[in-house]
*Asks:* 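My questions will all concern the structure given below.
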Amino acid sequence: MSTWLPTAPCAPASCCAHRGPTSGAPSAAARLLAGVTVVLAGVLLAPATALLGPALRERCTRVWARAVLRGFGVRVRVTGRPPRRGRGVLVVANHISWLDIPLVATVLPGRMLAKTEIRHWPVLGPLAALGGTLFVDRERLRALPGTVRALTRALTAGSRVIVFPEGCTWCGRDQGKFTPAAFQAALDAGAPVCPVRITYRAPDGSASGAPAFIGDDTLLVSLWRVAAARGLTAEITVLPPLPAEAPAVPSDAGPARREAPAARRALASAAREAVVGTGGPRPRVTWPHGPRPGARTAARGVAPPPARQATVASDSANRPSSSVHQCANSIPARTSSARTPS
């Protein structure tokens, strides 16, 4: 495990409490069986749905994702309106659980960014690739520019791409910073960024840690904890999109090249502010060196020059995103308990 991979201070013992009623073993087992059955049904039907048209395939994905959540006994509450299809959009969300994936798919199904290890999983790996999943190698920083180029191509082609830029799951009571690499793809493609806020709540409205998939938690333990938590509600809030018009970068201008890292960090910061915030004014992106000289070009649908992608490798702030599963927790549970409220 590389030392520069993102980590969270969360630990299951201190962060995974559900302040609400729980089910007995028979009811929890029934929910677990129902949820897993729906997941497997989706796996078996995935090759057939790949042959459908985009609109029908998206509708089937939404129905399946909602059925997965209902199978595990999780209600869904949606706030906000998703952006219209027709152009590429980068969807970014805070990352709490494996439930985040079907939850986002209930509203904004699209191409997921996942760790490259998933590509080699039996059955699920080939199906993920068939479904258009994009992969990032978290262990090789040199592979990051190639991942950014793949994201840019997908956005330019009009795809909706879903990324969890924290690069690691958190318990939901606190969030990590958004790593800026994926935002470079939005800048290069001139695609808007759609921030999404995910919250899991107990019946009394308080935040529930039951869905959190963190630290050394195992998938089986996490599945059982979700199935046993009664009255769990998954809230997904679709926030206003942020424009991603990039500053123009002349091919012979060294200082201008340094604007690209600052621009993607500013966009990542604005997206995080929107996700973490509590519904205040729409965040403003502070672009370096005044107005965005490339805004007019991006508005016409012309992608910015791809030469800026080379700056990704030199930006030490960039870190690959694990996206789908929790990161390794290198902080002892006792320390985590002190840093993260239960």
Side-chain angles (χ1 to χ4, degrees), residues 35 38-39 42-43 46 49 54-55 57-72 74-85 88-115 118 124 127-128 131-136 151 154-155 159-172 175-176 178-179 182-183 185-186 191-201 208 211-213 222 226 232-242 268 271-272 274-276 321-326:
V38 177
V39 170
V43 169
T49 56
R57 183 169 62 246
E58 182 172 303
R59 185 178 303 175
C60 290
T61 300
R62 287 176 173 168
V63 171
W64 170 81
R66 190 172 287 268
V68 169
L69 292 161
R70 291 299 297 163
F72 281 103
V74 181
R75 296 180 177 87
V76 179
R77 181 180 298 142
V78 180
T79 304
R81 179 177 298 179
R84 294 181 179 180
R85 294 302 301 262
V89 59
L90 181 69
V91 178
V92 296
N94 57 310
H95 203 8
I96 299 173
S97 171
W98 50 270
L99 278 173
D100 300 345
I101 300 165
L103 178 59
V104 173
T106 62
V107 183
L108 295 161
R111 303 184 66 179
M112 188 74 61
L113 179 66
K115 60 183 182 180
I118 292 177
L124 292 179
L127 287 174
T133 299
L134 301 162
F135 297 97
V136 56
L151 291 173
L155 292 169
S159 295
R160 183 187 289 143
V161 178
I162 297 96
V163 176
F164 299 106
E166 286 170 301
C168 179
T169 47
W170 289 62
C171 67
Q175 291 82 26
F178 280 13
T179 55
F183 295 90
V193 175
C194 180
V196 170
R197 184 186 305 136
I198 293 173
T199 309
Y200 296 97
R201 298 196 183 278
S208 174
F213 187 36
S222 180
V226 169
L232 196 61
T233 298
E235 293 182 355
I236 179 168
T237 303
V238 182
L239 300 157
L242 300 171
R272 185 185 184 279
V275 171
V276 175
S321 168
S322 57
S323 177
V324 169
H325 285 288
Q326 88 276 32

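Scope of the values below: all heavy atoms of this structure, side chains included, with no hydrogens, waters or symmetry mates.
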*Asks:* Looking at every non-hydrogen atom in both residues, tell me the closest pair between Ala182 and Val163 and how far apart they are.
*Replies:* CB-CG1, 4.0 Å

*Asks:* Please list, chain by chain and in numerical order, all residues satisfying side chain to side chain donor-acceptor pair (under 3.5 Å) with Asn94, sequence neighbours excluded.
*Replies:* none

*Asks:* Let me confirm one number: the CG-OG1 distance from Leu108 to Thr61, rounded to the nearest 0.5 Å.
*Replies:* 12.0 Å

*Asks:* Below 4.5 Å, heavy atoms only, C-beta onward: do Val193 and Val92 meet side chain to side chain?
*Replies:* yes

*Asks:* Using side-chain heavy atoms (C-beta onward) and a distance below 4.5 Å, is Tyr200 in contact with Asp100?
*Replies:* yes

*Asks:* With sequence neighbours left out, what residues match Arg70 under side chain to side chain donor-acceptor pair (under 3.5 Å)?
*Replies:* none

*Asks:* Listed by chain and number, what are the ring pair (Phe, Tyr, Trp, His ring centres under 6.0 Å) partners of Phe72, not counting sequence neighbours?
*Replies:* Trp98

*Asks:* Among residues at least two apart in sequence or on other chains, which ones pass salt bridge (charged side-chain N to carboxylate O under 4.0 Å, His left out) with Arg201?
*Replies:* Glu235

*Asks:* Could you give the distance from CD1 (Ile101) to CD1 (Ile162), rounded to the nearest 0.5 Å?
*Replies:* 10.0 Å

*Asks:* Within a strict 4.5 Å, meaning less than it, do heavy atoms of the Phe164 and Ile96 side chains meet?
*Replies:* no

*Asks:* First locate atom OG1 of Thr133, then atom CE of Met112, and finally report the distance between them rounded to the nearest 0.5 Å.
*Replies:* 7.0 Å

*Asks:* Does Arg57 reach the side chain of Cys60, with side-chain heavy atoms less than 4.5 Å apart?
*Replies:* no

*Asks:* Applying side chain to side chain contact (heavy atoms under 4.5 Å, CB included), can you list everything that pairs with Thr106, at least two apart in sequence or on another chain?
*Replies:* Ala65, Arg66, Leu69, Val76, Leu103

*Asks:* What's the spacing between Arg77 CZ and Thr233 OG1 if we round to 0.5 Å?
*Replies:* 5.0 Å

*Asks:* Knowing that exactly one of Val226, Thr199, Leu232 qualifies, which makes a side-chain contact (heavy atoms from CB on, under 4.5 Å) with Ser208?
*Replies:* Leu232

*Asks:* Measuring only between side-chain heavy atoms, which start at C-beta, is His95 closer than 4.5 Å to Phe213?
*Replies:* no

*Asks:* Residues in side chain to side chain contact (heavy atoms under 4.5 Å, CB included) with Val38, at least two apart?
*Replies:* Trp64, Ala67, Val68

*Asks:* Mind checking salt bridge (charged side-chain N to carboxylate O under 4.0 Å, His left out) for Arg62 and listing every partner two or more places apart, or none if nothing turns up?
*Replies:* Glu58

*Asks:* With sequence neighbours left out, what residues match Arg160 under side chain to side chain donor-acceptor pair (under 3.5 Å)?
*Replies:* none

